[in-house]
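Inspection log for the structure reproduced underneath, given as structure tokens.
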Amino acid sequence: MKRKLRSTTGKLWTLAAIAVILIIWQLASATGLVEGYLLPSPVSVVKALIKEFPVLMEHTAVTLKEAFLGLLFGVSLGFVTAVLMDRFSRVYQAFYPLVVLTQTIPTVAIAPLLVLWFGYEMTPKVILVVLTTFFPITVGLLNGFRSADPDAINLLRSMGASRRQIFWHIKFPGALGAFFSGLRISASYAVVGAVISEWLGGFSGLGVYMTRVKKAYAFDKMFAVIFLISIISLLLMWGVDLLQKKCMPWDDRKETK
Amino acid sequence: MAELKVRGVSKSFEGKKIIENISIELHQGEIVSLLGISGGGKTTLFNVIAGLSSPDQGAVYLDGEEITGKPGKISYMLQKDLLLPYRTIEDNVALPLLIKGEKKREARKKVGAYFEEFGLDGTEKKYPHQLSGGMRQRAALLRTYLFSDGVALLDEPFSALDTLTKNSMHAWYLNIMEQIRLSTLFITHDIDEAILLSDRIYLMGGKPGKITDEIIIRERKPREKDFNLTGEFLDYKREILEKLKM
């Protein structure tokens, strides 16, 4: 109860800080300290957001579809990679450095290539999202698998458990916490990845919308879409938290103690 | 029938001999302790008996059948309860049955029958972290019992508990053993615990570890509540301390 109260007051402070920043920003625009066409005021951003809402929602649907598809494939790929690396040390030795290497490739650099190879449709966007999302999942799961208690594994072995049973009874549930931490990161990467890939070519999506309003110097709409992307990412992360609570009902230690 | 025979077991690690020529026996319904200092090779022997590692020499027999290096025959329990944090107590206890391929619902029904006997009623749907250390060890012992073919190894199962909890666990343990008659090899470095719980005690010592002596505790069971305050108890203790000095 006390903890809950504390976290609510913590949130109050966060909200207060945001409010202060917005007020200063609004004042700076209203008093002409910053030119309105360079930095639109929060009020005009919100107005733009409301006015453009139907159009933005159409683009959001496309971006979300890419993000979700990419995330789905990314998570599947990450899961398979982590399982194989955990099971076969040769696979780990061979591919782990490669997996790390894929993370050093800048997304912005590879996106145009993907467009050239796969066209302006959805494919290159989904591939880019897969590339950015599978890594946190792989690493999270792999660490989770590897941190399984060897005594617990021995106990199951002594019960005559097969490798598969050890995996499903010990390793997999033990790695769920790490998996969800990875998924939180991946979920926000997925949206950003989809938007970046849309910048470089496409017909619809928030990234495409962004490049259009940028060319029109419509900074209020620009900021509106930035706000929207942040909100979507936050909602996704929140969704992952909900899912985690649902999937890990035993993990209520913080509340019971 | 559940009889364990260990014959001439030796085991080395990285060229160093840890245990040498160990032969012990455990008869039906007996509690036998293996008493020795920590790091004396007790756990190595334990892993060999459980079939988790193979000995360099020697063999392990259960009811006359050789089970050397074969896990799945003898159950064990450690100081750590090793209850899975993400499973309720009933599912934790049912784990050995699930491993054997039983359906979840049947396994739960089967284990549910033991909860009262083990003093665990009401904990079925709880998670391990909601239970005290003593209760968790009870659940761990029930799980051990359920996957045993009549023989269990207990490796310092109560050593992580505080003294008061430990005392009540000893009383509980002796009581439950009267009912389930599980043949138990009990590993400990606590002399009092060994005398209190055992029918026989093997003393283990030296480097590499060997069985140096065997002591039979003639006090009949169930034992008096204050057996550990009697002169006989102290005589046993004196004898063991004498022999451990070598």
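Protein chains get the first letters and strands the later ones, always in sequence-line order, with residue 1 at the start of each.
Taking chain A as the reference chain and counting heavy-atom pairs below 4.5 Å, the highest number among B/Lys70, B/Met77, B/Arg87 is found for B/Arg87.
Atom-to-atom distance recorded for B/Ile99:CD1 and A/Ser158:OG is 9.5 Å, nearest 0.5 angstrom. With values rounded to the nearest 0.5 angstrom, B/Leu84 atom CG is found 9.0 Å from A/His169 atom NE2. Here the straight-line distance linking atom CG of B/Leu82 with atom CD1 of A/Ile170 works out to 8.0 Å at 0.5 Å rounding.
Residue B/Ile74 touches chain A through its backbone alone, counting heavy-atom pairs closer than 4.5 Å. Looking at B/Phe147, the atoms closer than 4.5 Å to chain A (heavy atoms on both sides) all sit in the side chain, from C-beta outward. At a 4.5 Å heavy-atom cutoff, A/Ile166 makes no contact with chain B through either its backbone or its side chain.
Residues B/Leu78 and A/Leu155 have side chains not in contact (no heavy-atom distance under 4.5 Å, counting atoms from C-beta outward).
Heavy atoms from other residues, nucleotides or ligands lying under 6.0 Å from OH of A/Tyr189 number 12 at most. By the 6.0 Å contact criterion, NZ on A/Lys65 is open, its count of non-hydrogen atoms from other residues, nucleotides or ligands being 12 or less. Within 6.0 Å of CZ on A/Phe79 lie more than 12 heavy atoms contributed by other residues, nucleotides or ligands. Atom NZ of B/Lys42 has more than 12 heavy atoms from other residues, nucleotides or ligands within 6.0 Å.
Between B/Pro96 and A/Met159, the shortest heavy-atom contact is CA-SD, 3.8 Å.
For B/Lys80, the salt bridge (charged side-chain N to carboxylate O under 4.0 Å, His left out) partners two or more places apart in sequence, or in a different chain, are A/Asp149, A/Asp151.
Residues of residues 111-124 of chain B lying under 4.5 angstrom from chain A, judged on non-hydrogen atoms, do not exist.
The main-chain N or O of B/Pro71 is never found under 3.5 Å from a side-chain atom of A/Arg157 such that the two would form a donor-acceptor pair.
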